[in-house]
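Please read the structure below before turning to the comments.
Letters A, B, ... mirror the listed sequences (proteins, then strands); counts begin at 1.
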Amino acid sequence: MKPERLATVKTHGLAFDTETHLTQPGLDAPPLVCGSAAQAAQPTQGTLLDKADARKAFGVILNNASIILVGQNIAYDCLVMAQDAYTRGIDLLPAIFKMYDEGRVYDIGLAEQLHAIAQGHLGRDPRTGYDLRDPQTGQVKVGYRLSVLLDLVCDRTNAKESDRFRKSYALLENIPLEEWPEDAKKYPVDDAVNTLEIALTQVAPPTAAYPPGAQFPARNRNLHNLSDQADAAWCLKLADAQGLTVDAPAVAELEASLDAKRAPLLGYFKDLDFFKIAPYKKRCKTEHLEPYACEECNGGKIGITKTGAERVNKDVIKMLLCDAYEVGGVCSHCLGERKVPGQTTCKACEGADIECFICGGVGKVDALKKDGTPKTLKNCQRCDGTGRDLDTAPIPRSDKTGAVQQGRDDLIESGVETLIEFAEFLETAKIKSTYIPWLKQGLDAPITQWCNPLLATGRISYTGCTVTLPRKGGVRECLVARPGKLLISSDFSGLELVTHAQNCLDILGWSKMAEALNAGIKVHDQLGADMSGIPYADFLTRRKAGEKLVGDYRQAAKPGNFGFPGGMGAPRMVLQQRKADFDTVGPDGKVYKGMRFCILIGGAERCGTEKVTKWGRSSLPPTCKHCIECAETLRDTWFKTWPENREYLNKFVNGVVRGSGEVTQLPTGRIRGGLDFCAAANTGFQGRGSDATKLALRRVTREQYLDRSSDLFGTRTILMPHDELIIEADIEQAHEAAMRLQVVMEDALKEICPDLEAAAEAEPCLMARMYKGAEQVWKDGRLVAWSP
DNA sequence: CTCGCCGGCGCC
DNA sequence: AAACGGCGCCGGCGAG
């Protein structure tokens with residue numbers, strides 16, 4: 001927000017709030033019931049507005065260029081009012097966009113989030129350092145809702161004194177205001193008054209309460225970015241309102257095929273004791289004839305979680321891992337018993353007296369029954385319930401708790417055939433427990449989207465699984481375009497390479513990667529060429545010819561270009577790429593899961609002939625030493641190929657960490673504070689990328705809703721997954737819309753990264769349902785839908 | 001029983 | 001000296 005605009009919040013701020021019917025699936029903007037308002041001129045005098053008055057008031061706000069609209073999550077209220085007008089044949093969208101264009105929207109939540117980002121405490125209460133909580137309910141994961149803001153900004157915890165009707169305004173729909181109960185009338189007014197008070201406090205210089213010479217608490221930081229963020233939030237709200245369309249038969253088919261695939265494996269793994277077995281319940285009236293499963297209480301059957309996944313018997317898996325990693329000996333704490341008595345607070349000292357001779361100052365004693373036997377048993381923490389001496393051989397352990405790790409990578413690396421098979425099985429389990437239930441929300445109506453429009457880096461997130469749908473496994477394909485429409489997906493190519501290069505130009509004044517990108521040099525091939533010692537031109541020729549060696553070098557180079565700018569080290573690179581969706585085939589034909597640098601670029605015959613559990617100071621799960629050495633070489637070469645990064649990491653990033661801990665995002669000037677080395681290294685290129693995508697979204701949205709001459713007019717954005725826009729368009733319009741989308745996106749990126757114009761590229765593809773890896777398909781000079 | 005934490009894993 | 005980051009969701013487990 002421009003400073004002069006910001007100043008007028010004090011004089012021309014107008015808080016506006018709506019009460020609506022409840023949100024329902026497939027309906028992001030429920031019908032209006034009433035509104036409320038409060039004006040800066042009389043900040044304590046809120047007004048309750050019936051439907052007609054609310055419409056009138058919103059009209060005044062839209063048409064009066066001096067008013068600043070103040071609200072919490074105000075994009076929602078704008079959507080409600082727009083939808084309300086639409087049902088009466090009125091199009092408010094042009095006026096709403098105009099208001100945003102004029103920078104007249106002040107969202108108290110976004111303002112506080114921007115400030116918290118600068119201070120490095122987003123999501124936490126700076127007074128305590130703990131995660132945000134609702135001051136009245138104590139609820140966590142509440143975000144910057146009104147009650148939280150009132151507590152944070154105004155130090156008041158009485159936001160909801162009259163919220164009995166908060167979720168029931170629909171009941172009052174057709175009753176005149178005079179007849180409403182007092183608390184029903186008070187609640188909306190309180191909201192408006194509180195909202196305005198928060199805004200006025202946010203923009204006020206903190207003076208009166210502090211003695212002369214005192215250090216004022218920082219306030220208001222980053223508000224220069226508020227208008228852009230508020231506008232992006234509005235466009236994201238419009239996208240949310242589209243929802244995601246689910247192809248119900250496809251979900252049923254996916255579930256059936258999954259179950260068919262899993263059926264034989266269930267018996268197989270059950271026989272291996274890999275699952276927990278549900279107990280026979282005492283209350284069950286059926287006679288339990290073990291080992292037959294009881295149909296009534298499921299006793300004897302595989303235990304099931306609430307989402308339908310099988311309960312894994314982690315103790316059994318752990319023991320097999322111990323065997324595989326040759327962990328022997330006896331745990332010195334539980335003496336091989338695997339369980340130790342549960343503890344309780346020492347009654348002698350009530351857990352406080354360090355001199356206590358009963359508990360020896362620990363404050364805890366074993367919980368025992370009257371007969372002296374343990375009341376409860378819990379896993380021995382020292383051996384993680386294995387009963388073995390975990391120090392006798394290297395095995396993947398958690399840094400924090402010392403627990404034996406049993407992730408997919410750990411199972412696969414164990415080399416045990418059944419564990420490798422089980423690792424594959426777990427992928428289907430995740431689909432069943434996480435993604436199918438999510439998809440099923442959309443069987444009757446589109447899945448409602450809830451975007452959180454501002455994270456610490458500037459990026460966004462969605463509640464639910466929206467942007468984490470697996471690329472493989474058929475989940476994404478259950479999301480479809482509406483009938484007669486196609487999805488257009490367009491992502492920036494190598495967005496963070498471009499933004500990092502621009503950051504280096506801005507911060508250091510030079511960047512070899514910027515030169516390369518602008519010259520059309522393929523940066524992964526360049527790094528691959530430098531790794532292999534083959535000249536770049538030859539490297540390209542030989543790769544086009546399909547030569548395996550150069551292909552391998554290029555494959556290994558790519559994660560380097562993406563990972564090292566963030567400060568990644570070689571061991572982490574190896575572990576991360578070992579989990580990649582990619583198989584490495586050794587010279588002897590052995591297939592390894594994930595990328596193996598030692599084979600791809602180290603000339604090794606086999607991966608993992610020598611494993612290490614330490615590299616420098618950090619401890620690791622057993623990891624191929626040769627792989628790490630190759631990754632170190634890759635990192636050295638990366639520094640030589642793009643030498644600006646020495647200066648970037650060693651001088652700039654280290655300087656930030658040792659100094660203010662703050663990075664100022666360019667070109668928006670948004671500050672992010674409280675950074676450690678890795679966050680400081682990453683935040684610049686992530687944030688700049690998010691700024692580019694948000695700018696593109698804002699331009700695209702305007703053409704979609706306002707510009708009849710645009711090829712995007714009438715199309716709708718449905719998602720913005722970080723470096724990508726996904727929009728829906730009529731089939732006949734899809735080609736033209738895609739071409740226009742590309743131009744708008746590229747122009748936005750050029751604006752955010754003005755010295756990398758030649759590298760700003762977006763590539764739109766058409767598809768009838770969500771696919772990952774869609775490509776452009778051309779027919780008669782037009783883009784057509786891709787399918788696998 | 002609920003809550004919060006941790007590990008694990010999905011995506012960009 | 002060494003160090004990718006940003007998220008959300010599920011399941012297990014311990015504490016109360």
Side-chain angles (χ1 to χ4, degrees), chain A residues 122-123 130-131 138-141 276 303-315 342-345 364 367 376 378-379 381 384-385 396-401 403-411 423 426-427 429-435 437-438 450-452 455-473 475-476 491-492 495-496 500 559-560 562-573 576 579 581 615-618 635 649-650 653-654 657 672 675-687 689-690 693 720-724 772:
Chain A
L122 185 67
Y130 293 120
D131 286 355
Q139 198 189 343
V140 291
K141 295 189 177 169
K276 285 186 176 163
I304 299 289
T305 70
K306 64 178 178 192
T307 54
E310 294 72 26
R311 285 190 191 278
V312 175
N313 193 346
K314 295 202 166 187
D315 287 346
Q343 299 216 305
T344 183
T345 304
K364 298 267 183 185
T376 54
K378 59 173 193 172
N379 269 353
Q381 278 192 357
D384 193 26
R397 308 265 303 268
S398 152
D399 284 339
K400 274 195 185 150
T401 63
V404 174
Q405 283 181 312
Q406 33 190 323
R408 264 216 304 285
D409 181 56
D410 308 304
L411 300 183
L426 287 177
E427 286 183 40
K430 175 129 180 156
I431 293 178
K432 199 174 162 70
S433 66
T434 304
Y435 298 111
W438 182 83
W450 294 101
C451 179
N452 175 356
L455 309 179
T457 53
R459 280 163 54 140
I460 65 165
S461 70
Y462 288 89
T463 54
C465 301
T466 306
V467 288
T468 65
L469 300 180
R471 304 153 69 106
K472 296 195 306 182
V475 177
R476 284 189 187 217
D491 64 337
F492 289 117
L495 177 63
E496 293 186 348
H500 179 55
F562 282 108
F564 293 138
M568 192 190 275
R572 183 70 171 254
M573 171 71 65
Q576 188 196 69
K579 298 177 186 173
D581 178 25
W615 196 263
R617 279 192 182 187
S618 49
R635 191 153 183 266
L649 291 173
N650 296 337
V653 175
N654 263 324
V657 178
R672 182 178 171 201
L675 301 173
D676 61 16
F677 181 91
C678 296
N682 272 285
T683 200
F685 55 80
Q686 264 197 27
S690 76
T693 318
M720 190 190 110
H722 304 307
D723 65 344
E724 180 183 6
K772 195 56 207 180

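Residue A:L122 is the one, among A:L122 and A:K314, whose nearest nucleotide of DNA chain C lies closer to the 5' end (criterion: closest heavy atom). Comparing A:Y435 and A:E496, the nucleotide of DNA chain C nearest to each residue sits closer to the 5' end for A:E496.
Partners of A:E496 according to the salt bridge (Lys or Arg N to Asp or Glu O under 4.0 Å) rule, which considers only residues two or more places apart in sequence or in another chain, are A:R459. Residues forming a salt bridge (Lys or Arg N to Asp or Glu O under 4.0 Å) with A:K314 (at least two apart in sequence, or on another chain): none.
For residues 461-471 of chain A, the pairs satisfying side-chain hydrogen bond (donor to acceptor under 3.5 Å, both in side chains) are A:Q449-A:T466, with sequence neighbours left out.
Spacing between atom CZ of A:F564 and atom P of C:dA2 amounts to 14 Å, rounded to whole angstrom units. If you measure from atom CZ of A:F685 to atom P of C:dC4, you get 12 Å, rounded to the nearest angstrom. Atom-to-atom, CE of A:M573 to P of C:dG5 comes out at 12 Å; the value is rounded to the nearest Å. Rounded to whole angstrom, the span from the NZ atom of A:K430 across to the C1' atom of C:dG8 amounts to 9 Å. The CG atom of A:D676 sits 7 Å away from the P atom of C:dG5 (whole-angstrom rounding). Taking atom CZ of A:F677 as the reference point, atom C1' of C:dA3 lies 6 Å away to the nearest angstrom. As a whole-Å value, the separation of A:R635 CZ from C:dA2 P is 9 Å. In this structure, NZ of A:K141 is placed 8 Å from C1' of C:dG8, rounded to the nearest angstrom.
The OG1 atom of A:T457 lies 8.5 Å from the NE2 atom of A:H722; values are rounded to the nearest 0.5 Å. We find the CD-CZ distance between A:Q686 and A:R672 to be 8.0 Å, quoted to the nearest 0.5 Å. Rounded to the nearest 0.5 angstrom, A:I460 CD1 and A:N452 CG are separated by 8.5 Å. Distance check, rounded to the nearest 0.5 Å: NZ of A:K432 to OG1 of A:T305 gives 9.5 Å. Here A:S690 contributes atom OG and A:M720 contributes atom CE; the two are 7.0 Å apart, rounded to the nearest 0.5 Å.
The side-chain heavy atoms of A:T693 and A:L495, taken from C-beta on, include a pair separated by under 4.5 Å. Between A:L469 and A:W438 there is a side-chain heavy-atom pair separated by less than 4.5 Å. A:R635 places none of its side-chain heavy atoms less than 4.5 Å from the side chain of A:M573.
For A:R572, a side-chain nitrogen or oxygen approaches OP1 or OP2 of C:dC4 to under 4.0 Å.
Of the listed nucleotides (C:dA2, C:dC4, C:dG5), C:dC4 has the atom at the smallest distance from the side chain of A:Q576.
Listed in residue order, the members of residues 460-468 of chain A having a heavy atom less than 4.0 Å from DNA chain B are A:V467, A:T468.
Within 3.5 Å, a donor on the side chain of A:Q686 pairs with an acceptor on the base of C:dG5, or the reverse.
Stem regions annotated for DNA chain C: B:1-12 with C:5-16, counting only runs of 3 or more consecutive pairs of Watson-Crick or G-U type with both contacts under 3.5 Å.
Of all nucleotides in DNA chain B having an atom under 4.0 Å from a heavy atom of chain A, the first and last in 5' to 3' order are B:dG4 to B:dC12.
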